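Remarks on the structure that follows.
Computed from a predicted model, the values in this text were never measured in an experiment. In what follows, every heavy atom counts, from backbone to side chain, and hydrogens, waters and symmetry copies are set aside.
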Amino acid sequence: MKNACFLVGSLCLAALSASAGIFDNVLFRAATDKANPAGYAVGEKISLTFTLAQAPKEVFSGAYAIDWRRWGDDGKEAKGRLPLDGKTPLAVTTALDRPGGVFVEAFVVNAADGKRVRRDKRAPNTHSWEESGLDVQFIGGALVAPDQIKPAHAEPADFDAFWARQKRRLADVPATVLERKEVTPNDQTVARVWAVKVACAGPRPVTGYLTIPRNAKPKSLKATCFFHGYGTSIQGAPADGPDDQITFNVNAHGYDLGRDKAYYDAFNIGIRTSKDIYGFSAWQNEYPEGCYFNGMALRLMRAFDFVRSLPEWDGRTLIAQGGSQGGLQSMWAAGLVEDLTVSRPEVPWCADLGPDAVPGRVAPGWRIAWTPGIAYYDCVNHAKRAKGRVEITRAGLGDTCCMPSSIAALYNNLPADRRSIVWVQGSKHGYVPPMPNQSVSLPSGRTVAPYQGADVFTGDKLPTK
């Protein structure tokens, strides 16, 4: 199944021009007049200037133009065209009369007919599920008074009581290891790898791949649980693991590992309803125990139970990490796993469900509709209860799947002394602009330093591995 989440935000395509190889190496960037694109005041002028780095001279011959569109949390929209003639300033100016986000999307087009220019090869750093990877495109913007953005809905009154009940359900099922089968191909790897299955409350067990460095001593290693983006792809065993930590890579669904295609085809049909892909059934989501996410959250908590039982774990450092749906799960961990040290969500999904309850606020086109039941899984509500640090490793100002306003509402619900965020200009859900790009890290409190991952860029600093 093609991952619908990753198609969010792509507008219906207009007629496209033929391939234009002269744009293959062009980096379409933009930056706001303020160094911090998430730092504007209500009513303050926002100026966004486009650049076409590495563009050959013929790009500015007048044969091409930039078509742009502005929209935002005020419900207003504007459009325009900027000729690429080497003379016209490539800038768009706007403002917002309330706290929220402003988006500006722009495409290079043929000046004569307005058809979009297409690359011969995809833009660098673009995931394969980003349909616009061949367009010469920018999408980004700014945030206005982000510290004043609040969640669209109040949390359920019995939120804590509900999760206490789920933890009791989990405690009633012993964390029995049902399978731990080594799949390491040889003894030359840094780490040993096992396929693991652990008993869990709910419909299915926890399944995933565990790695532990060879010859690790008891109580010597931190542990990270990794969680996945939305989808039904088949989890494969890693070839190796890191030398400095335990990793447990947990799939969202609890399916068996190492089965044939027929098994996974049947499984993927079985977890959806007749009308909806998994997680999207309004009927299931009416009551919190009926949500597909219920079993996923139980398996997440049980995954940490398993990791704590490993003799190599140092007894101190537990980390949750993942992007999109994995970011959502990492936020659940922040609120539900009492001894979690740090959560590192990237572009966390399902923050501030039901944003259309706020007049003018832009809602993502692909999202789970707000219901009374799904509210228990909205990660803005889990953010309030974070025990350890939460480092949002990337929030894209061009992400129309995990909206900037929604991420701001999430950030505002986090404890102020244990949070950080990296806002990245021009970053979509599945795209990180090559460096240098306009981005800003906002740490606060007890000298919280944002995590630097392979896909996270902070200002002009090189990412650290």
Please determine if [X] and [Y] form a salt bridge, counting it only when a charged side-chain N lies under 4.0 Å from a carboxylate O.
X: Asp356; Y: Arg367; answer: yes
X: Glu155; Y: Arg385; answer: yes
X: Arg192; Y: Glu182; answer: yes
X: Lys197; Y: Asp256; answer: yes

Side chain to side chain contact (heavy atoms under 4.5 Å, CB included) partner of Lys222, the single match among Ile246, Thr247, Asp244
Asp244
Do [X] and [Y] have their ring centres less than 6.0 Å from each other?
X: His382; Y: Phe159; result: yes
X: Trp332; Y: Phe227; result: no
X: Trp349; Y: Tyr230; result: yes

Going by the angle between their ring planes, with limits at 30° and 60°, are Phe267 and Tyr255 parallel, tilted or perpendicular?
perpendicular
Would you say the side-chain atoms of [X] pair up with the backbone N or O of [Y], donor to acceptor, closer than 3.5 Å?
X: Thr32; Y: Lys34; answer: yes
X: Arg394; Y: Val422; answer: no
X: Arg204; Y: His253; answer: yes
X: Tyr377; Y: Pro288; answer: yes
X: Asn186; Y: Gln188; answer: yes

Evaluate whether atom CG of Asn215 has more than 12 neighbouring non-hydrogen atoms of other residues, nucleotides or ligands under 6.0 angstrom away.
no
Can a cation-pi geometry be assigned to Arg69 and Trp71, taking NZ or CZ under 6.0 Å from the six-membered ring centre and within 45° of the ring axis?
yes
Arg29 to Phe138 six-membered ring, cation-pi geometry met (6.0 Å, 45°):
no
Which value, rounded to the nearest 0.5 Å, describes the distance between [X] atom [atom1] and [Y] atom [atom2]?
X: Phe226; Y: Phe248; atom1: CZ; atom2: CZ; value: 12.5 Å
X: His429; Y: Glu346; atom1: NE2; atom2: CD; value: 9.0 Å
X: Asp160; Y: Lys384; atom1: CG; atom2: NZ; value: 9.5 Å
X: Asp378; Y: Ser406; atom1: CG; atom2: OG; value: 8.5 Å
X: Asp352; Y: Ser405; atom1: CG; atom2: OG; value: 8.0 Å
X: Trp313; Y: Ser220; atom1: CH2; atom2: OG; value: 12.5 Å

Do Trp423 and Pro146 come close enough that some side-chain heavy atom pair is under 4.5 Å?
no
Residues forming a side chain to side chain donor-acceptor pair (under 3.5 Å) with Ser281, sequence neighbours excluded:
none
Listed partners of Arg169 passing side chain to side chain donor-acceptor pair (under 3.5 Å), at least two apart
Gln166, Asn294
